[in-house]
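Only one structure is covered here, and it is reproduced in the block below.
Remember, it's a predicted structure, so these values are computed and weren't measured experimentally. Just so we're on the same page: letters track the sequence lines, and every chain starts at 1.
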Amino acid sequence: MNEIPTQYNPKEVEDKWYKFWEENDLFFAKSNSIKKPFSIVIPPPNITGILHMGHALNNTIQDILIRYYRMKGYEALWLPGTDHAGIATQNVVEKQIAKEGLRRQDLGREKFLERVWEWKEKYGSNIIKQLKRLGASCDWRRERFTMDQAYSEAVNEVFVRLYEKGLIYQGSYIINWCPRCQTALSDEEAPHKEIEGSLYYIRYPFKEHPDSFIVVATTRPETMLGDTAVAVHPYDHRYKKFIGKTLILPLINREIKIIADSVVDRKFGTGAVKVTPAHDPVDYQLGKKHNLEFINIMDVSAILNENAGKYKGLDRFQARKLITEDLKTENLLEKIESYKISVGHCYRCNTIIEPYLSTQWFVKMKPLAEPAIKVVKEGRIRFHPKRWTKVYLNWMENIKDWCISRQIWWGHRLPVYYCRDCQQRDKSQTPDSNSQINLKEEPGLIVSKEKPEKCPFCGSTDIYQDEDVLDTWFSSWLWPFATFYWPKETEELKYFYPTSVLVTAPEIIFFWVARMIMAGLEFMGEIPFSDVYIHGTVRDIEGRKMSKSLGNIIDPLEIIEHVGADALRFSLMLITACGQDIFLSEEKFKTGRNFANKIWNASRFVLMNLNPEEVRVDLCVFFKKEDLSLINRWILSRFYSILKKITKALDNYRFNEAANLLYSFFWHEFCDWYLEITKADIKDKHNQVVMYKILEKFLRILHPFMPFITEEIWQRLPSPDQSIMLQPWPHVQEEMIDKKLEEDVRFLFSVITQIRNFRSLIEIKPEQKVDISVYPHTKKRLDLIQQHSLMIKNLAKVNQLQILRVDKPPRPSLSAIVEDIDIYLHFTRLIDIKKEQLRIKEMISELSAICKKKEQNIKNKEFIHKAPKEIVTKERNEIKRLKGEIIRLEKIYNELC
RNA sequence: GGGCAUUUAGCUCAGUGGGUUAGAGCGCGUGCCUCACAUGCACGAGGUCAGAGGUUCGAAUCCUCUAAUGCCCACCA
């Protein structure tokens, strides 16, 4: 065994075992098993993704659950896959072809999509490779992609079903428009962020009295070009008399009316609001209600169009500037106030969203939400931690319709077709209205899974498909069942659906979790999973999200490179308190690395001191048959106590608790106490068996957390039984748990600690013999010491102490000395107390003097020299430390008196 | 504006139905390369558990209020 290196080297180990597991097909889950199923579907990472800490955390948790349940005897399936990530992927490929000086329009749709597929083939599985390095035990045979043929069929099926049920409709509304990506976005894809803006107060003159005016306030002055009214509150006494009057829209000189509506807040701005129905969602509602004209002033890039008069061709922000100036020169700008506004940003490119009127497809959400609310309220789906339930319910109860069409190319094309002949006919019947926007549904519209041969309305064969694609999430929300080939009723669908638990991040509760619940209930008639574990967000040490632009990314692959996947996984689990955000720094991975090394060396020690023939026994039989020493019974009891706790912790998704238990048990109980004590009598058969059995069982319960190192050591055991992955999770042996014994031993340890304390209090020369005192308060405990005097003696020996005799607590006489014991309790210490007192006193006064001096120094530095905070704090800590030292010495002094 | 969370050692955080002396890791100090491990061992210093009030024999823990910080949601132009 000496050839085993003293330092654990994950690099030599991890790839080897991952290959071994894959080659032996150990991740595969059968769909015709007699075992109980346990299934998790992976939150499919984007094909453009690279593994970041969030993935590492998310997938470590899933892997722990899967490995744990696999060992517990379930048919555990972890179904992997990737998401086509519409906008993200398109953006990446657009950037790539931009290097060749091309835009996607230059290539055309078909050629461009070819390029995307090429890109996907080449880079799309990077993230999968990275997951493997993490140790993810996914069933790779079942890997899915959201644009697989079968998956796309499911998407079409769903679209058609919802359309036929009247839950999908087409309509013109104000949607979030990203002028850079040139597509519509759902509300969830356009998060609001606060930015520094201004509130512009603009004068709108009356038609009748051009010298007087109404002042309106706006944050987007350029939208005034599309104004078709000014609204005031019906009971606002300032404006009541003007309702119905006509104003002249400055710069454009169009006549607009003053209307009254109670949505207007009298207290905000001037109490009068300009109404731009085509460029603001609230104004849109007003426009509909009051029958106003909808004037669109921008094109798809947010460049002003011909409706903007002389501002045509300007970008929206240039226009804002110029309009402000023009208003100033005409003396129509009353004032500009700086003002914080909350505006939507594209979640992919961070461009400011333009509320834009266009025809899009929507899903009616209310009918889908109702059953999804019910199952959570009834507790059929549980969130962990619980608090997310409220967040979920709150969102669901206020749900809005979902805009699902996107004006990009990469994605599932809408299964919507149009008949050109029908459209021609329609056009000739209704001449173009004045309005720029066609608010009516398209004529000759056909929704069908396959392209129809001919138009069902007129029989024409001149049919073309809608250009738009579906929102990426419109495919993701089917993930828990479309991955099992729904709508086909496959064996795996029946066996693995509903899945067991979903592990995900809080930011996609709305995007994904909520929608999966709705889809599951609507299409399967059954919840998609019973438990949702929401873990925290990984942040940097200052609490910021990790992002490329901030440059604060800690790359998990780099960490794996340095300390290994096991260390990464374990460190993450140690600091992940249930659902709390994680504040990460590279330092934290040291803990995992050191722990791995500790396991490595402890195992080395055990294996070096083993007689392989002797340890091949059944632990339970051995336990019953043999008369085991206290310390052996103690470690067995401790192991099973800990096992009980860990099992409970894992069942309740308390990963940090489980990790903590594993860590402190192994390090501070098994290594620090058990092995140290056992060392003295390592040749003993009982010790060898127990030591080996504990290690062997510990490896199993550690395996879900640290799969590689546990497999490596497992394979070095005297008789490795295949892979550790195939070992059952140990049963709790209640008969070996003895709480009273645990308490007794804890007391014995405290005695030993006292011996050590004593030694550090007073310096003892190596050869010097001393009597020391321990204070067992009860007869029982004295007995305990006496019974285990040998063990204490051995431990004392490790601490270079020799113990002579022990006695009962102090009594007037020594008449009660118990014979037959070899520890003697005595109150004399072999030192000159007076001398010692003097020495300590001197030290105390010396330290006090230093303290005073330092305190004065700090004051000077702080107030006179204005030293930086860090230096002052450092000095303060130093003083604190010194004061602590003084207190310590004083204690010793008092003890000597 | 609504909701949620956080506040415990110098730092980062645990603390499981209220119950002996409030824990860990890192950092700090002292002594050790003791034949598993210096990625280690032993020992030590360091806490009015944010503040106030309440319930209780007993509160870091339960209740109320206050303060600070962070996150999410919301159409206030």
Any side-chain donor-acceptor pair under 3.5 Å between [X] and [Y]?
| X | Y | answer |
| --- | --- | --- |
| A:Asp261 | A:His233 | no |
| A:Ser198 | A:Glu337 | no |
| A:Asn660 | A:Glu657 | no |
| A:Glu334 | A:Tyr200 | no |

Inset, instruction - Measure the spacing between CZ of A:Arg604 and CD1 of A:Ile599 and express it to the nearest 0.5 Å. - result: 14.5 Å
Inset, instruction - Mind checking the CH2-CD spacing from A:Trp600 to A:Gln7? Nearest 0.5 Å is all I need. - result: 11.5 Å
Which atom pairs link the protein and nucleotides 18-23 of chain B when you take only N or O atoms and keep those under 3.5 Å?
none

Inset, instruction - Give me the one residue out of A:Tyr653, A:Trp388, A:Tyr392 that meets ring-ring contact (aromatic ring centres under 6.0 Å, His included) with A:Phe383. - result: A:Tyr392
Legend entry - Plane angle bin for A:Trp667 and A:Phe595 - parallel if under 30°, tilted between 30 and 60°, otherwise perpendicular: parallel
Taking only N and O in the side chain of [X], is any of them less than 4.0 Å away from OP1 or OP2 of [N]?
| X | N | value |
| --- | --- | --- |
| A:Tyr200 | B:A77 | no |
| A:His668 | B:C41 | no |
| A:Lys400 | B:C75 | yes |
| A:Lys390 | B:C4 | yes |
| A:Arg593 | B:G25 | no |
| A:Asn394 | B:G2 | no |
| A:Trp388 | B:C71 | no |

Output side-chain donor-acceptor pairs under 3.5 Å for residues 221-231 of chain A, partner residues at least two apart or in another chain, one line each.
| from | atom 1 | to | atom 2 | distance (Å) |
| --- | --- | --- | --- | --- |
| A:Glu222 | OE1 | A:Arg320 | NE | 2.9 |
| A:Glu222 | OE2 | A:Arg320 | NH2 | 3.0 |
| A:Thr223 | OG1 | A:Arg220 | O | 2.7 |
| A:Thr223 | OG1 | A:Lys274 | NZ | 2.7 |
| A:Asp227 | OD1 | A:Lys274 | NZ | 3.0 |
| A:Asp227 | OD1 | A:Thr276 | OG1 | 2.7 |
| A:Asp227 | OD2 | A:Tyr204 | OH | 2.6 |
| A:Thr228 | OG1 | A:Glu293 | O | 3.1 |

Legend entry - Proximal nucleotide (of B:A36, B:U16, B:C41) relative to the A:Glu657 side chain: B:U16
Legend entry - Closest to the A:Asp265 side chain, choosing from B:A42, B:C76, B:A36: B:C76
Inset, instruction - Return one dot-bracket line describing RNA chain B 5' to 3' (Watson-Crick or G-U wobble pairs, both distances under 3.5 Å; ( ) same strand, [ ] crossing, | another strand, . none). - result: (((((((..((((.....[...)))).(((((.......))))).....(((((..]....))))))))))))....
Send over the distance from [X] [atom1] to [N] [atom2], rounded to a whole Å.
| X | N | atom1 | atom2 | value |
| --- | --- | --- | --- | --- |
| A:Ile399 | B:C73 | CD1 | C1' | 14 Å |
| A:Tyr663 | B:A14 | OH | C1' | 14 Å |
| A:Asn597 | B:A36 | CG | P | 15 Å |

Inset, instruction - Between A:Leu574 and A:Asn609, name the one whose nearest nucleotide on RNA chain B is closer to the 5' end. - result: A:Leu574
